[in-house]
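First up is the structure itself, then whatever we jot down about it.
Each ligand, and each atom within it, is numbered from 1 in the order the structure gives.
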Amino acid sequence: MNEIITVRGGKALRGRISINGSKNSALACISAACLVNDHSTIELKNVPNISDINIMCDIIRDLGKTVEFENGCLKISGEFTNCEVSTTLAGKIRGSMYFLGILLATMGEVHCGFPGGDQIGDRPIDIHLFGLKKLGAECNIINGVVEGKVTDRLEGNKIYLKYPSVGATCNLMIAASRAYGKTVIDNCAKEPEIVDLSNLLIEMGVKVIGAGTDRITITGQEVIHGDICHEIISDRIEAGVLAVATTITGGEVLIDNTLPYHNYPLISLLNEHGGYVEEMDNGILVRSEGIISPVEVEMMPFPGVATDLQAAVTVMATRSTGISTIVDHVFQDRFQYVDELRNMGAEIERRGNTLKVYGGKPLTGTMVFGNDIRAVSALICAGLVADGTTLIEGVTHLRRGYPDLDTKFRQLGADVTIG
Ligand code: UD1
């Protein structure tokens, strides 16, 4: 039987909460950890226990390496024995895109089903393939499977990305780490997860310069070292959702274990429109009276407001008294949740990648469905401020991205249960 999330609205969030490790950073770092070829073990800490990570581990085990994952600590050792990623597993997570870079760099060959992940519009991999070809690989998509081969070893090159794709930047950083010579990636992504990946690669002995800027230079190494322990950065999206939820419920929460800098664009938005966010050393204190003014916001690559927070920000806009405009420049079709908010009473017009939200309409609890990780967490936020009870389908999506978001909401006094 499908589990349902039940949210009874009307409670302001109060208390203190600590943020988990970042899903997206962990997926990239686990991939990089697969490059180790000095027979040592590599250890990653603060890895979130979510289904996307568990599927990633299953794929790595299928390919021959040993993976242990317990209490947030993930250890990888051994060598790959094959280069074929099952179409079924690849289709379950977006992170499977990284096996293109990993396997071309380590095995010189890859057969990988098309990456899956959230249904949030077109998710082509042309930028990944363009970059891998620049590094000397032959790549084709045949019957939904990416077939890649390199005659000898990948070779460093200059690569200009037509768009600063997060996934393509990570994939090419990983591939370039074992390539011969120097690779320069221009117009690359600048997200904090890229910097985390770069820090790990540096600890593994790869020369990486420029992560967090538009240009990353990588000098590949033939031997990549393990015997290190790297702590994954905390999840800025989980922190962002909790900050929005605190603001719209008129609560007060100390969100620990998150770097304010990772959420500056959101913090600035909250401070301007009804929240008061104070920066702490390793966290943020969010306070609000729950009075929200209309927002004008464009979701952009970092350092813009994250597209992963678009749905939560839309819920916030429904609480304002005026008209808000929300544009997503990253994903063109990440709006499935909009119909669900309309079912709860929100008035929202959509034109392409732009939403106009007419605030001041009360939300009322009903049965809704979230079809991606961020949609489900936003619908929980909507439930927190709705009259009555909201029943949300989509627990599997929630579990793909957040290990314990429902528990966290409960710890902060909200009435959120799963069953
Ligand atoms: C990653 C994150 C996701 C986040 C997104 C943007 C992971 C596992 N997922 O997804 O949570 O929302 O970054 O911050 O890390 N594009 C192309 N061709 C490509 C690649 C991307 O056209 O080859 C387009 C996409 O369709 C999209 C945009 O570029 O419109 C951004 O995609 P990208 O930055 O690559 O996101 P992901 O890495 O898939």
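Salt bridge status for K75 with E70: absent, with no side-chain N to carboxylate O gap under 4.0 Å. A salt bridge links D406 with R399: at least one charged nitrogen is closer than 4.0 Å to a carboxylate oxygen.
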For this session: May I have the step-by-step check of side chain to side chain donor-acceptor pair (under 3.5 Å) for N54 and N49, ending in yes or no?
Result: CA-CA 7 Å; N54 288 311; N49 187 7; 3.2 Å; yes

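Every N/O-N/O distance between M97 and ligand 1 stays at or above 3.5 Å. At under 3.5 Å, a nitrogen or oxygen of P124, whether backbone or side chain, sits near a nitrogen or oxygen of ligand 1. Looking at T307 next to ligand 1, no N or O pair under 3.5 Å apart turns up. In terms of polar-atom proximity, defined here as any N/O pair under 3.5 Å, V166 does make such a contact with ligand 1. Taking distance alone, with nitrogen or oxygen atoms compared against 3.5 Å, D126 approaches ligand 1 more closely than that limit. Between P164 and ligand 1, not a single N/O pair is under 3.5 Å apart. By the 3.5 Å distance cut-off applied to N or O atoms, G95 is not counted among the residues near ligand 1. The shortest N or O to N or O distance between N24 and ligand 1 is under 3.5 Å. Considering backbone and side-chain atoms together, R94 places an N or O closer than 3.5 Å to an N or O of ligand 1.
Relative orientation of the Y264 and Y261 rings is perpendicular, given thresholds of 30° and 60° on the angle between their planes.
Residue contacts with ligand 1, taken as heavy atom pairs separated by less than 4.0 Å, involve R334 solely via side-chain atoms from C-beta onward. The part of D308 lying near ligand 1 is the side chain, judged by heavy-atom distances below 4.0 Å. Counting heavy atoms under 4.0 Å from ligand 1, residue E193 does not touch it at all.
Between D235 and K23, the closest side-chain pair of non-hydrogen atoms falls below 4.5 Å. Considering only heavy atoms from C-beta on, I233 stays 4.5 Å or farther from V195 through its side chain. Using a 4.5 Å heavy-atom threshold, the side chains of L13 and V286 count as separate.
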Output side-chain donor-acceptor pairs under 3.5 Å for residues 240-247, partner residues at least two apart or in another chain, one line each.
from: T246; atom 1: OG1; to: L242; atom 2: O; distance (Å): 2.7
from: T247; atom 1: OG1; to: A243; atom 2: O; distance (Å): 2.8

Side-chain donor-acceptor pairs under 3.5 Å in residues 225-232, sequence neighbours left out?
from: H225; atom 1: ND1; to: D38; atom 2: OD2; distance (Å): 3.2
from: H230; atom 1: ND1; to: E203; atom 2: OE2; distance (Å): 2.8
from: H230; atom 1: NE2; to: D196; atom 2: OD1; distance (Å): 2.8

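Using a 4.0 Å cut-off to heavy atoms of Y163, the atoms of ligand 1 that qualify are 28 (C), 29 (O), 31 (C). With ligand atoms numbered from 1 in the order given, ligand 1 contributes 35 (O), 38 (O) to contacts under 4.0 Å with heavy atoms of G167.
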